[in-house]
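Along the sequence shown, residues carry numbers from 1. Since this is a predicted model, take the numbers as computed values, not measurements. Order of appearance sets the numbers: ligands from 1, and atoms from 1 within every ligand.
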Amino acid sequence: MATADVTDTGAPVVTGMRCSVCGAAVGIGEPLSFTCPASTPSDRRHVLRFESRTVPFRPTDDANPFLAYRRWLAVDAFGAALGLDDAERARIIADLDARVARVAGTGFVRTPMRRADELSAVLGFSDRGGVWLKDETHNVAGSHKARHLFTELVHLVMAERAGVAPWKDVSSRPPLAIASCGNAAIAASTLAAAVDWPIAVHVPVAADEPVLAMLDTLRADVRVCERRAADPAGDPCVLRFREAVVSGAIPFGVQGTENAWCLDGGRTIGWEMTDQIAAEGRMLDAVFIQVGGGAFASCVGASFATSGLHPRLHAVQAEGCAPLARAWERALATGGAANAGPRWAECMWPWQSPRSLADGILDDETYDWIGVLDAMASTGGSPVVAREENIVEALRLVRDHTDIDPSPTGTAGLAGLVEARSSVGDDECVAVVVSGVRR
Ligand SMILES: Cc1ncc(COP(=O)(O)O)c(C=O)c1O
Ligand SMILES: [Zn+2]
């Protein structure tokens with residue numbers, strides 16, 4: 001028997017990328033592989049996902065999740081394919097993290113996840129079960145968003161280091177670009193400032209003053225995007241962002257359809273949850289994740305597939321903006337919730353007039369819906385649409401019964417648990433991510 005076939009060499013786990021819509025394959029060593037080759041600026045309905053080998057889930061003991069779970073990250077496989085050796089790949093991550101820490105006041109460290117005892121009691125859970133809150137409010141830039149963006153940055157820096165980036169040197173780097181007026185913009189501008197990389201941030205006319213002030217401090221090039229008479233339907237910030245990308249800017253946002261590398265780092269949240277609940281000798285029965293563009297829930301769902309933990313994934317939207325729940329119903333009616341990518345036009349289209357207090361999840365379209373549906377289908381989960389009163393109640397519950405200081409978007413996952421409480425057993429262990437701090 002050839003032992004080489006069964007020996008785990010410790011090599012990176014991700015083997016390639018494949019479009020969930022048209023099936024196109026992209027090599028893992030392809031530099032700047034942000035979108036499917038069939039995706040165009042006027043039709044972004046394609047999304048690349050990572051394909052992995054199955055190996056035992058044994059992270060290394062490091063406070064920084066990008067080092068602890070490096071072997072499972074697609075950027076590690078990317079760097080290896082470019083010829084960067086193991087030590088060099090680890091050094092790039094550690095160096096970037098140190099730079100981030102200088103700007104953000106903290107580098108990336110595993111965020112705490114604890115059973116919220118008072119909240120669990122208020123919600124009627126027994127001592128056998130309860131609600132575990134993962135607190136992302138002290139993560140880099142005050143939300144989980146920087147995790148998605150960090151792997152985009154690592155990808156760019158590894159491409160530079162290996163000499164395969166299409167620009168000559170650091171001084172001729174094209175600008176980064178993002179369309180966002182909230183946590184993603186702050187996180188992207190923080191990472192950009194950490195490496196002195198120019199960034200254009202496309203914001204709506206109604207952007208919040210505190211966010212604009214913060215972007216200014218981070219030296220972002222803020223572009224206020226009014227709707228122009230000739231604009232087609234859709235968010236003018238996204239239109240201007242795509243124009244910037246067509247002119248050579250690098251997509252640096254948190255939508256997998258614009259840059260698939262955001263779907264890599266977001267998985268560290270779920271991997272941490274896997275380890276943290278195991279350390280308590282428990283198993284998670286269900287996880288409730290709030291959904292805007294869907295990258296967050298898609299990543300948490302994908303993380304469970306590689307770590308071997310399979311709690312039910314419940315994707316939570318507010319009643320005032322629920323295109324994902326509609327897509328779930330449409331997918332079930334047209335052939336099933338799994339592998340629905342080729343049925344994009346039948347399942348996912350923009351929601352009219354989104355509204356909720358949870359303003360970070362008002363994306364009219366759930367760009368990363370395919371991964372979320374796949375994860376819900378494979379774990380026996382389902383979407384939850386939270387009534388607005390429960391969006392308000394979830395915020396109050398966390399503010400009154402924990403020491404976390406969240407935003408309404410940050411507690412929207414809990415709103416889903418409150419909404420679906422009668423179908424969750426009192427003995428079940430349920431996790432929720434408090435994803436963003438009060439601004
Ligand atoms: C605090 C917070 N939580 C959750 C989300 C939703 O993440 P996604 O857009 O990836 O679904 C956002 C998005 O802006 C956010 O800011
Ligand atoms: Zn495609």
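Inspection of the environment of the Zn ion (ligand 2) yields the following protein N, O or S atoms under 2.8 Å: Cys19 SG, Cys22 SG, Cys36 SG, His46 ND1.
A side-chain donor-acceptor contact under 3.5 Å links Arg330 to the backbone of Glu346.
The ring of Trp344 has its center no closer than 6.0 angstrom to the ring center of Trp349. Aromatic rings from His310 and Phe304 are positioned such that their centres are separated by 6.0 Å or more.
In terms of protein heavy-atom proximity, atom 3 (N) of ligand 1 is closest to Ser435 OG, 2.6 Å. Nearest non-hydrogen protein atom to atom 13 (C) of ligand 1 is Lys145 NZ, 2.8 Å. For atom 16 (O) of ligand 1, the nearest non-hydrogen atom of the protein is Asn183 ND2, 2.8 Å. At the top of the distance list for atom 9 (O) of ligand 1, counting protein heavy atoms only, stands Gly293 N, 2.8 Å. The nearest protein atom to atom 10 (O) of ligand 1, hydrogens excluded, is given as Phe296 N, 2.9 Å; this is a heavy-atom distance.
In terms of N/O distances under 3.5 Å, ligand 1 is approached by Gly292. Looking at Ala295 next to ligand 1, an N or O pair under 3.5 Å apart turns up.
Phe50 pairs by the ring-ring contact (aromatic ring centres under 6.0 Å, His included) definition with Trp261, not counting sequence neighbours.
Under the 4.0 Å criterion applied to side-chain N and carboxylate O atoms, Arg115 and Glu280 are not assigned as salt-bridge partners. Under a 4.0 Å N-O distance rule, the pair Asp374/Arg49 does not qualify as a salt bridge. Salt-bridge annotation for Glu209 and Arg439: absent, with no side-chain N of the basic residue lying under 4.0 Å from a carboxylate O of the acidic one.
Lys134 pairs in a side-chain contact (heavy atoms from CB on, under 4.5 Å) with only one of the listed residues (Val432, Val300, Ile269, Ile277), which is Ile269. The side-chain contact (heavy atoms from CB on, under 4.5 Å) with Thr274 is formed by just one residue from the set Leu309, Leu284, Thr306; it is Leu309. Each of Arg421, Arg282, Arg312 was compared with Glu428 under the salt bridge (Lys or Arg N to Asp or Glu O under 4.0 Å) criterion, and only Arg312 meets it.
Listed by number with element, the atoms of ligand 1 under 4.0 angstrom from any heavy atom of Gln290 are 4 (C). The distance from ligand 1 to the heavy atoms of Gly436 drops below 4.0 Å at these ligand atoms: 1 (C). Residue Val291 has at least one heavy-atom neighbour below 4.0 Å for each of these atoms of ligand 1: 11 (O). With ligand atoms numbered from 1 in the order given, ligand 1 contributes 6 (C) to contacts under 4.0 Å with heavy atoms of Ile361.
Remark: distances from the non-hydrogen atoms of His144 to ligand 1 include one below 4.0 Å. Residue contact annotation: Ala297 has no non-hydrogen atom under 4.0 Å from ligand 1.
With hydrogens and angles left out, the side-chain atoms of Arg438 and Ser407 include no donor and acceptor closer than 3.5 Å.
A parallel orientation is assigned to the rings of Tyr69 and Phe57, their planes being inclined by less than 30° (bins at 30° and 60°).
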